[in-house]
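The structure appears below as structure tokens.
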Amino acid sequence: MNDSNQIDLSKLRISRENDSKQEEHKQKRFGIFWYLIGAIFLIIAVFFFFKDSFTPAEIVELTTVTMVSPNQASSVLTASGYVVAQRKASIASKATGRLVYLGFEEGDKVKCGEIIARIESADVEAALNQARANLEMYKAQKHDAEQTYERAKKLIERQLISQAELDAAKSRYDQIIAAIKSADAAVRAAEVQLENTLIRAPFDGTILTKNADVGEVVAPFGAGASSRVAVVTIADMTSLEVEADVSESNIEKIMHSQPCEIVLDAYPEHRYKGFVNKIVPTADRTKATVLTKIRFINRDDRVLPEMSAKVYFLSKDLIDTVTTSPFVAVNSSAVTISNRKNVVFLFKDNKVEEVEIELGQKAGNMIEIKKGLSVGDKVVINPSRNLFTGRKVKLKQ
């Protein structure tokens, strides 16, 4: 074998440059892979975070969870109204003067004829005393004039005095009698003026408002800008009734003495028996309603004037269940089934939340909610299948 054919192994070298390039390329591809994975996760997170912004809000209609009673199942109509005292008065003074006494505050009960307030009366009392003094003076003069006249009549019979003297005695006596009548009338007028400084209760009632304070000037018709007219406002609490506007189209469902159930908005858990006391024989053309007055059968001290109330007009007499406690209920159209469970969609902050509920008895178009909701909650009526927890909604106009 020739030396020329032999391979010079000493000139062989291991090339590591290509290996390093391949390794660098591999690391670069590996980094791009993880960047892509991170970007995908970021896109998914952004999508879930902003998905509600891209989903149009669904238009829904709401109803309120409330307290109902079994009687409401027999109601033919529901109306809203206010408690109004049918016997109410703003008590003012008949005279003008400064208020010097006010003996009652809001909520106090008064009897008919009881003095509520008094205005200054020194000048009126002085005039009364003067009139009484004049009356006493004329009464004293009457005794003297009467005796003089009687003596004159006896003397004229014996012809000891002239007819003129008798006429003069009679004239003086007649003048004294007339003066007494005038002074007596002046006394009565002064007594009336003094009575006008006293402000009395016209009937048994309760003080609702106090409109003036001691030291203020009161007047019958508010003669001055700084004077008060009504000192207090009084109402007969036994005359409280609910005044409700009933639509003309529904007035045929209402009749006199029809039984009703009254629920005050302030005490939704309590119910009051009532009946239609009066249907005012005229309509309000601006509202197309007829005013109906409902009287309480059972009433307590919680019922106050101007409270808002709901009236349920019943189709039959109040049943025994009136003693049954009311229960939490909602319109049955708000209840739907999801995963074999009764649920409703609760409205909060322009979104809905699916809430599982436990149902009870029915009362007309209402159904009892034993668990899951509270009075005052807002839920969706006739919910669609597109609703889910967290879905944005828009209220129907």
Side-chain angles (χ1 to χ4, degrees), residues 60-83 242-247 250 253-254 258-274 276 292 294 296-300 302-304 306-316 318-337 341-383 387 393 395-397:
V60 297
E61 189 175 356
L62 302 179
T63 185
T64 304
V65 180
T66 185
M67 301 287 291
V68 300
S69 68
N71 267 342
Q72 294 173 14
S74 63
S75 64
V76 296
L77 184 67
T78 303
S80 298
Y82 294 91
V83 179
V242 176
E243 293 186 355
D245 289 325
V246 177
S247 173
N250 292 321
K253 299 178 182 179
I254 309 302
Q258 183 174 355
C260 302
E261 185 172 279
I262 304 168
V263 179
L264 300 178
D265 291 353
Y267 308 105
E269 74 285 351
H270 195 82
R271 295 158 298 142
Y272 299 89
K273 294 181 181 179
V276 177
T292 305
I294 299 90
F296 288 89
I297 295 177
N298 62 321
R299 182 188 61 84
D300 53 34
R302 291 181 292 184
V303 182
L304 301 175
E306 306 308 322
M307 276 187 167
S308 56
K310 285 185 176 60
V311 179
Y312 298 90
F313 298 91
L314 307 180
S315 59
K316 56 184 179 181
L318 292 172
I319 53 180
D320 294 337
T321 53
V322 74
T323 58
T324 304
S325 299
F327 49 82
V328 179
V330 72
N331 193 302
S332 57
S333 62
V335 180
T336 187
I337 297 177
K341 297 177 181 178
N342 293 312
V343 299
V344 294
F345 286 93
L346 183 65
F347 175 80
K348 285 184 178 180
D349 300 327
N350 295 323
K351 293 183 180 181
V352 292
E353 177 186 352
E354 184 179 301
V355 177
E356 183 181 354
I357 57 174
E358 182 180 343
L359 301 179
Q361 61 182 311
K362 293 197 68 176
N365 63 342
M366 307 291 285
I367 189 166
E368 180 184 4
I369 304 296
K370 290 186 175 181
K371 186 172 64 175
L373 294 174
S374 301
V375 175
D377 287 344
K378 304 286 186 181
V379 295
V380 178
I381 295 180
N382 300 317
L387 292 182
V393 294
L395 298 185
K396 183 178 180 181
Q397 297 296 326

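Scope of the values below: all heavy atoms of this structure, side chains included, with no hydrogens, waters or symmetry mates. Bear in mind the structure is a predicted one, so any value in this text is a computation, not a measurement. One-based numbering along the sequence shown.
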message: According to side-chain contact (heavy atoms from CB on, under 4.5 Å), who are the partners of Asp349, at least two apart in sequence or on a separate chain?
response: none

- request: Look only at the side chain of Asp377 and the backbone of Ser374, and say whether a donor-acceptor pair between them is shorter than 3.5 Å.
  value: yes

- request: Compare all side-chain heavy atoms of Val393 with those of Leu387 and state whether any distance is below 4.5 angstrom.
  value: yes

- request: Can you measure from CD (Glu368) to NZ (Lys362) and round to the nearest 0.5 angstrom?
  value: 13.0 Å

field: Candidates Asn382, Val344, Val380, Val379 - the one meeting side-chain contact (heavy atoms from CB on, under 4.5 Å) with Thr63
entry: Val379

field: For the student: nearest non-hydrogen atoms of Ala309 and Leu264, plus distance
entry: CB-CD2, 3.7 Å

query: Would you say Ile369 and Leu359 make side-chain contact, with heavy atoms under 4.5 Å?
result: yes

message: Using a 3.5 Å distance criterion without hydrogens, assess whether the side chain of Asn342 forms a donor-acceptor pair with backbone atoms of Ile357.
response: no

- request: Check whether any side-chain heavy atom of Val330 sits under 4.5 Å from a side-chain heavy atom of Ile367, and report yes or no.
  value: yes

query: Are side-chain heavy atoms of Lys310 and Asp265 found at a separation under 4.5 Å?
result: yes

task: Measure the shortest side-chain to side-chain distance between Gln361 and Phe327 over non-hydrogen atoms and say whether it is less than 4.5 angstrom.
output: yes

- request: Could you tell me the separation between the OG1 atom of Thr66 and the CG atom of Asn331, rounded to the nearest 0.5 Å?
  value: 11.5 Å

message: Between Tyr267 and Val303, is the side-chain contact (heavy atoms from CB on, under 4.5 Å) condition met? List the steps.
response: CA-CA 9 Å; Tyr267 308 105; Val303 182; over 6 Å; no

- prompt: Can you find a pair of side-chain heavy atoms, one from Tyr272 and one from Asp300, that are under 4.5 Å apart?
  reply: yes

query: Take atom CZ in Phe347; do more than 12 heavy atoms of anything else shown fall under 6.0 Å from it?
result: yes

query: Looking at CD of Glu353 and CZ of Phe345, how far apart are the two atoms once the value is rounded to the nearest 0.5 Å?
result: 10.5 Å

query: Which heavy atom in Ala79 sits nearest to a heavy atom in Ala244, and how many Å separate them?
result: CB-CB, 4.1 Å

query: Quick one: CD1 on Ile254 to CG on Leu77, what's the gap to the nearest 0.5 Å?
result: 4.5 Å

task: State, to 0.1 Å, how close Lys253 and Val76 come at their nearest heavy-atom pair, and which atoms those are.
output: CD-O, 3.9 Å

task: Calculate, to the nearest 0.5 Å, the distance between atoms CD and OG belonging to Glu243 and Ser80 respectively.
output: 14.0 Å

Any donor-acceptor N/O pair, Gln258 side chain to Leu314 backbone, under 3.5 Å: yes

Any side-chain donor near an acceptor of the partner, Lys378 and Thr64, under 3.5 Å: yes

- request: Using a 4.5 Å cut-off on heavy atoms from C-beta on, say whether the side chain of Val246 contacts that of Phe313.
  value: yes

query: Quick one: are Val276 and Cys260 in side-chain contact, heavy atoms under 4.5 Å?
result: yes

